[in-house]
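Predicted model only: the values in this text are computed from it and were never measured.
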Amino acid sequence: GLMGIYEDIMAYRPCCEQEERDREVMLDYIRRNDDAFLRTNLVAHMTASGWVVNPARDKVLMAYHKIYDSWSWTGGHADGETDLLHVAMREAREETGIERLRQIGNGAASLEILPVWAHVKRGKAVGSHLHLNVSYLFEADDSLPLRVAADENSAVGWITIDRLAESVREKDMLPTYEKLLNRTNVC
């Protein structure tokens, strides 16, 4: 439950100043807000992401997101669930159709607080808010079949690492992706 993810974030070893600061903010936010895991909290809420690489570690599994018009990692809202590893796995499966995922390493792979700018989703206005995000590393077989989650994505696919920077239109995501690539190489 909640103590589990709280312990995970507590135990997480930040790799840089950004993560040290974000980790403190996240822990403080969870302590103060009993709705931190629900998107009804319009200021900030917990999300989980998956960074899925192939066994050769030269490709990453991504979805082409309609809202952001960009190739992007997989992930989604906690929606009340506090097992963020489970959320990250579920979202990766739902968004790409990938069947088997193996976690790389133990616990969270990175922490980041990500701004989401105001947009319209399914005809409804969504105000700017923050995603308090916990990322996990996974490995999957890049020969397994994939399928598109039509309501969210227009494509899914394995992006070669050397094409990553040109495939991602959300340039402010690149530092996070670089960080996860480095983590994957360490494991």
Single-linkage hydrophobic cluster, 4.5 Å side-chain cutoff, L27 and L38 together
no
(request) Could you tell me whether the side chain of H65 and the main chain of A63 form a donor-acceptor pair under 3.5 Å? (result) no
Output for pair (T176 OG1, N133 CG), nearest 0.5 Å, gives 8.5 Å
- prompt: Would you call M46 and I9 a side-chain contact if the rule is heavy atoms closer than 4.5 Å?
  reply: yes
Rounded to the nearest 0.5 angstrom, the CE-CZ distance for M26 and R31 is 13.0 Å
Here the pair of heavy atoms bringing K121 nearest to V126 is CB-CG2, 4.0 Å
On a heavy-atom basis, the closest approach of A118 and S128 is N-OG, 2.9 Å
Nearest heavy-atom contact between S49 and A88 is O-CB, 3.6 Å
Side chain to side chain contact (heavy atoms under 4.5 Å, CB included) filter on R169, not counting sequence neighbours, yields Y64, D69, S70
| said: Let me check something: do L42 and W117 share a hydrophobic cluster, defined by ILVMFWY side-chain heavy atoms less than 4.5 Å apart, either directly or through other members? | reply: no
Evaluate L144 against I98 for side chain to side chain contact (heavy atoms under 4.5 Å, CB included), listing each step before the verdict. CA-CA 7 Å; L144 290 175; I98 198 79; 4.1 Å; yes
- Please test F37 against V87 for side chain to side chain contact (heavy atoms under 4.5 Å, CB included), starting from the C-alpha separation and ending with a verdict. CA-CA 11 Å; F37 287 80; V87 172; over 6 Å; no
- prompt: Counting only heavy atoms not in R102, do more than 12 sit closer than 6.0 Å to its CZ atom?
  reply: yes
*asked:* Check this for me: E166, atom CD, are more than 12 non-hydrogen atoms of other residues, nucleotides or ligands nearer than 6.0 Å?
replied: yes
Nearest heavy-atom approach of L111 to K179 is O-NZ, 3.3 Å
Are the side chains of E170 and S72 in touch, meaning some heavy atoms are under 4.5 Å apart?
yes
In terms of ring plane angle, is the pair H131 and H77 parallel, tilted or perpendicular, where the classes change at 30° and 60°?
-> perpendicular
_Common cluster, L146/M89, ILVMFWY with side-chain heavy-atom separation under 4.5 Å_ = yes
| query | Is there side-chain contact between E112 and S110, with heavy atoms separated by less than 4.5 Å? | reply | yes
dist L137:CG -> T184:OG1 (nearest 0.5 Å) comes out at 4.5 Å
Item checked: Working for salt bridge (Lys or Arg N to Asp or Glu O under 4.0 Å), residues R13 and E19 -> CA-CA 9 Å; R13 290 197 301 280; E19 286 195 336; over 6 Å; no
Can you list the steps and then say if I113 with Y29 is a side chain to side chain contact (heavy atoms under 4.5 Å, CB included)? CA-CA 11 Å; I113 296 179; Y29 201 78; over 6 Å; no
Look at the aromatic rings of W73 and W51 and report parallel, tilted or perpendicular, splitting at 30° and 60°.
perpendicular
Separation between CG (L84) and OH (Y136), nearest 0.5 Å, reads 5.0 Å
One should read off an interatomic distance between L101 CG and T74 OG1, to the nearest 0.5 angstrom, of 8.0 Å
query = Is there side-chain contact between M173 and L114, with heavy atoms separated by less than 4.5 Å?
reply = yes
Using modelled atom types only, decide if a donor and an acceptor are shared between the side chain of K171 and the backbone of A165 within a distance under 3.5 Å.
yes
When T96, V156, L164 are each screened for side chain to side chain contact (heavy atoms under 4.5 Å, CB included) with M62, the one that passes is L164
- Taking it one step at a time, do I161 and Y177 satisfy side chain to side chain contact (heavy atoms under 4.5 Å, CB included)? CA-CA 10 Å; I161 299 302; Y177 295 163; over 6 Å; no
W71 and A155 have their tightest heavy-atom pair at CH2-CB, 3.8 Å
Checklist entry - Hey, quick one: are L130 and V43 part of the same hydrophobic cluster, counting side-chain heavy atoms closer than 4.5 Å, chains of contacts allowed? => result yes
On a heavy-atom basis, the closest approach of I159 and S167 is CG2-OG, 3.6 Å
Between the CD atom in Q103 and the CG atom in L85, the distance rounded to the nearest 0.5 Å is 4.5 Å
When D35, D34, D28 are each screened for salt bridge (charged side-chain N to carboxylate O under 4.0 Å, His left out) with R32, the one that passes is D28
Self-check item: Derivation and outcome, salt bridge (Lys or Arg N to Asp or Glu O under 4.0 Å), residues R23 and E20
Solution: CA-CA 5 Å; R23 180 168 155 255; E20 279 173 26; over 6 Å; no
Can you tell me if CD on E99 sees more than 12 non-hydrogen neighbours from other groups inside 6.0 Å? no
